[in-house]
Amino acid sequence: MKRLHLHDTLSRDRCEIFPEDGEKFRFYCCGPTVYGPAHIGNFRAFLVQDLFRRVIELSGIKTLHVRNITDVDDKTIREAQKSELSLIEFTAGWTERFHQDAKQLNMLDPHLEPSAVQHIPEQVQLIERLIENGNAYPSGDGSVYFSVKSYSNYGKLTRIDQRDLMAGAGETANDADEYEKDNVCDFVLWKARKPEDGDNYWDSPWGSGRPGWHLECSAMGMKYLGETFDLHAGGVDLCFPHHENEIAQSEASTGKQFARHWFHNEHLMVDGSKMSKSLGNLYTLTDIHDRGFSAAELRYSLLSGSYRTKINFSFDRMNEARINLKRIASLVQNLGAGLPSYEELCDCGSSEDMNLGPFESSWEALLEDLNAPAALGELFVAIKPLEKELAEGDVPEDTKKAALHGLAFLVHAFGWVLPEIESEQLALDVPDHVKDLAEKRWIAKKEKDWAESDRLRDAVISEGWVIKDSKDGYELEPS
RNA sequence: GGCGAGGUAGCAAAGUGGUAAUGCGCUGGUCUGCAAAACCGGUAUUCGCGGGUUCGAUUCCCGCCCUCGCCUCCA
């Protein structure tokens, strides 16, 4: 059984992916900050992680997937207070929305979804440990900082030298609320309570306050996955400082390696630049629906580029996704029987004789650093002769079944939700006046009244329907 | 300034030291009264620019130009 190889941000090398404990592949993904609807760039990250998990599981490896909910930070507190809801109520609402979106996008649920506010004690303990080890210090105002100079490996993920860091930080490091730091690149572990935090504070040995942002992932990752686990994922922007700081906190406290591998996805661009509220190029799933596209089409589109390359979101790209999904769906339909389920495939993925037939090379492309464009290329190469045979008729059932089995691995790896290719059922939804026009047109055609026939066909088209003729009848489809 | 990604057909996008996958689009054909659908075929003598190494480079090396990201919250 071939295994997935993945580019590891830490080693900058392609690594074989397998569970260190031989049983479950344990990985942590930085989850959403729940202060509003996630945008499609956020979803690119979660979809790439979903693809990653599916490929591992389809190759027969069990996983333990943890993805956190960030429900306490500057933004959640600020927005909760604006909304006049408690922080808990406010973040619960957006967490729910996130779950709905994730479901529409056919994302597998993580096995555990811990939230920061539910893990204050764990975070406090971690700080205590860091202070004991001499890696953290309380400041005069009741905050606690991590001392970067106390940890000699600082910067190993992004290869940032402390000197460069300080030089680069020179212009921006004098924020009024950061004056308590010993060193400009030290970062906060515990933030002392401020008036603007309202009721959102917790007790600690250093006084009231709340945990710093980087801390939650360290505390929860180690709690649920162990002090060392297999992989940690997130968007490229998180490499620095978030992941760098996580590594520092975690490894300084345990003396052990934190995550064995780091997996980062590139950003989604819109109109050639990063999505942001200020540029007004930010789309949510609702916006996508409003433009007439489905979550399934978005999923196809966002996963059609390689995860380490920036991709530019466009509605042309969405159209392409729609067309390709239809093509795959109609192939599946023409192959007769339904697709085997994801669970069935995960079971057979562990067996040595996992055979994908013509789809083998497509699958292998995925195993090489999740090379989605190559996998799609190979997929269409495999599909074409099948389409031809099916168009010509007479394909043996065995061939169909084998093709369906192989294709299913790709469909489930990408998590595609295929559109229904309906004929009879759909006909029921055709408005009566359209049916009427189509029927009259069919009669005119039979009588070889081409002018009238064409006129009626145009009328049907202008109603938003397409007529597909066959030898002894016709079908209507929405255009 | 530091670190990093990338420049391949109209668009999107793989890839390799030996002469360019694939998808969309466009285009020709089969079918059709004509279309649509479906299927068949065509669509980069060339891979940002200039040098170098080599029998041979898009792929390796050097220089240059351009785009984008991170270095502050960020998927």
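Side chains included, hydrogens not; waters and symmetry mates left out as well; all remaining heavy atoms used. Sequence lines set the chain letters: A, B, ... in the order given, protein chains first and strands last, and positions in each chain run from 1.
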For atom CZ of Phe313(A) and atom C1' of A12(B), their distance in whole Å
14 Å
Sugar-phosphate, base or nothing in reach of Ser453(A), heavy atoms under 4.0 Å:
base
Remember a base hit wins even if backbone is also touched, and classify Lys310(A) as base, sugar-phosphate or nothing at under 4.0 Å, heavy atoms.
base
Round to the nearest Å and state the distance from Asn319(A) atom CG to C11(B) atom C1'.
12 Å
Identify the heavy atoms of Gln49(A) and Cys29(A) that sit nearest to each other, and give their distance.
OE1-CB, 3.4 Å
Per Lys468(A) side chain, nearest of listed nucleotides A75(B), A14(B), A37(B)
A37(B)
Option among Asn68(A), Asp71(A), Thr95(A) that satisfies the side-chain hydrogen bond (donor to acceptor under 3.5 Å, both in side chains) test with Ser115(A)
Asp71(A)
Over all strands shown, is Glu392(A) touching base, sugar-phosphate only, or nothing at heavy-atom distances under 4.0 angstrom?
nothing
Which value, in whole Å, describes the distance between the C1' atoms of nucleotides A35(B) and G29(B)?
16 Å
In whole Å, I'd like the distance from the CD1 atom of Ile323(A) to the P atom of A38(B).
10 Å
What nucleotide, of G69(B), C24(B), A35(B), holds the atom closest to the side chain of Arg327(A)?
C24(B)
By nearest atom, which of the nucleotides G25(B), A14(B), C34(B) is closest to the Asn371(A) side chain?
A14(B)
If you measure from the C1' atom in U67(B) to the same atom in G28(B), how many Å do you get, rounded?
38 Å
Output the single nucleotide from A13(B), A36(B), C70(B) whose closest atom is nearest the side chain of Asp469(A).
A36(B)
Length of the line joining Glu378(A):CD and A13(B):P, which is rounded to integer Å:
18 Å
Atom NZ of Lys274(A) to atom P of C73(B): distance rounded to whole Å?
12 Å
Taking A13(B), A75(B), C71(B) as options, the one with an atom nearest any side-chain atom of Phe240(A) is C71(B)
Using a 3.5 Å distance criterion without hydrogens, assess whether the side chain of Asp186(A) forms a donor-acceptor pair with backbone atoms of Tyr145(A).
no
Is the cationic atom of Arg210(A) (NZ for Lys, CZ for Arg) positioned less than 6.0 Å from the six-membered ring centroid of Tyr201(A) and within 45 degrees of its normal?
no
Testing G33(B), A14(B), G69(B) for proximity to the side chain of Asp454(A), the answer is G33(B)
Under 4.0 angstrom, heavy atoms only, what part of the nucleic acid is Ser304(A) near: base, sugar-phosphate, or nothing?
nothing
Determine the contact category for His39(A): base if any of its heavy atoms lies under 4.0 Å from a base atom, sugar-phosphate if only primed atoms, P, OP1 or OP2 are that close, otherwise nothing.
base
Whole-Å P distance, C62(B) and U22(B)
33 Å
Assign Arg12(A) to base, sugar-phosphate, or nothing according to its heavy-atom contacts below 4.0 angstrom with the strands shown.
sugar-phosphate
Does Lys384(A) come within less than 4.0 Å of Glu387(A), counting only side-chain N to carboxylate O?
no
Go through the N and O atoms of the side chain of Arg457(A) and the base of C34(B), and report whether any donor-acceptor pair is under 3.5 Å.
yes
For Gly235(A) and Thr158(A), take the nucleotide of RNA chain B holding the closest heavy atom to each; which residue's nucleotide lies nearer the 5' end?
Thr158(A)
Taking only the C1' atom of each, what is the distance from A14(B) to A20(B) in whole angstrom?
10 Å
Rounded interatomic separation in angstrom, taking CD1 from Ile461(A) and C1' from C34(B):
12 Å
Indicate whether OP1 or OP2 belonging to A14(B) is found under 4.0 Å from a side-chain N or O atom of Thr309(A).
yes
Does NZ or CZ of Arg291(A) lie under 6.0 Å from the centre of the six-membered ring of Phe315(A), at an angle within 45° of the ring axis?
yes
I want to verify a distance call: between C68(B), C39(B), A75(B), whose nearest atom is closest to the Lys388(A) side chain?
C39(B)
Base, sugar-phosphate, or nothing: which does Leu268(A) touch, judged by heavy atoms less than 4.0 Å apart?
base
What does Asn324(A) touch in the nucleic acid at a heavy-atom separation under 4.0 angstrom: a base, only the sugar-phosphate, or nothing?
sugar-phosphate
Under a plain distance cut-off of 3.5 Å, with no hydrogens placed, do Arg97(A) and Thr286(A) share a side-chain donor-acceptor pair?
yes
The answer to which of Pro385(A) and Val381(A) contacts RNA chain B further toward the 5' end, by nearest nucleotide, is Val381(A)
Which of the following nucleotides, G69(B), G33(B), A38(B), is nearest to the side chain of Met269(A)?
G69(B)
Would you measure the distance from the P atom in G15(B) across to the matching atom in A21(B) and give it in whole Å?
14 Å
Could you check whether Gly234(A) gets within reach of a base, just the sugar-phosphate, or nothing at all, counting any heavy atom under 4.0 Å?
sugar-phosphate
Go through C34(B), A38(B), A75(B) for me and flag the one nearest to the Lys445(A) side chain.
C34(B)
It should be established whether Ser306(A) places a side-chain nitrogen or oxygen under 4.0 Å from OP1 or OP2 of nucleotide A14(B).
yes
Distance check needed: C73(B) C1' versus Glu216(A) CD, whole Å only.
13 Å
For the C1' atoms, the ones on G23(B) and on G4(B), what distance do you get once it is rounded to whole angstrom?
29 Å
May I ask you to say what Ile467(A) touches in the nucleic acid, namely base, sugar-phosphate or nothing, with a heavy-atom cut-off under 4.0 Å?
base
Side chains of Gln104(A) and Gln100(A): do they bring a donor and an acceptor to under 3.5 Å?
no
Would you indicate which nucleotide in G23(B), A38(B), A75(B) comes nearest to any side-chain atom of Phe380(A)?
G23(B)
Could you provide the dot-bracket string of RNA chain B, using ( ) for intrastrand pairs, [ ] for crossing pairs and | for bases paired to another strand, with Watson-Crick or G-U pairs below 3.5 Å?
(((((((..(((.........)))((((((.......))))))....(((((.......))))))))))))....
Salt bridge (Lys or Arg N to Asp or Glu O under 4.0 Å) between Asp458(A) and Arg441(A): does it pass, once the steps are laid out?
CA-CA 10 Å; Asp458(A) 288 343; Arg441(A) 179 257 173 188; over 6 Å; no
Do the numbers put Arg67(A) on top of the ring of Tyr28(A), so that NZ or CZ is under 6.0 Å from the six-membered ring centre and no more than 45° off the axis?
no
Separation of the P atoms in U8(B) and C71(B), to the nearest angstrom:
27 Å
Side-chain donor-acceptor contact under 3.5 Å, Ser314(A) with Asp316(A)
no
Rounded distance (Å) that lies between atom P of G25(B) and atom CZ of Arg317(A):
15 Å
Please give the distance between the P atoms of G18(B) and A13(B) as a whole number of Å.
24 Å
With heavy atoms under 4.0 Å as the rule, sort Val236(A) into base, sugar-phosphate or nothing.
nothing
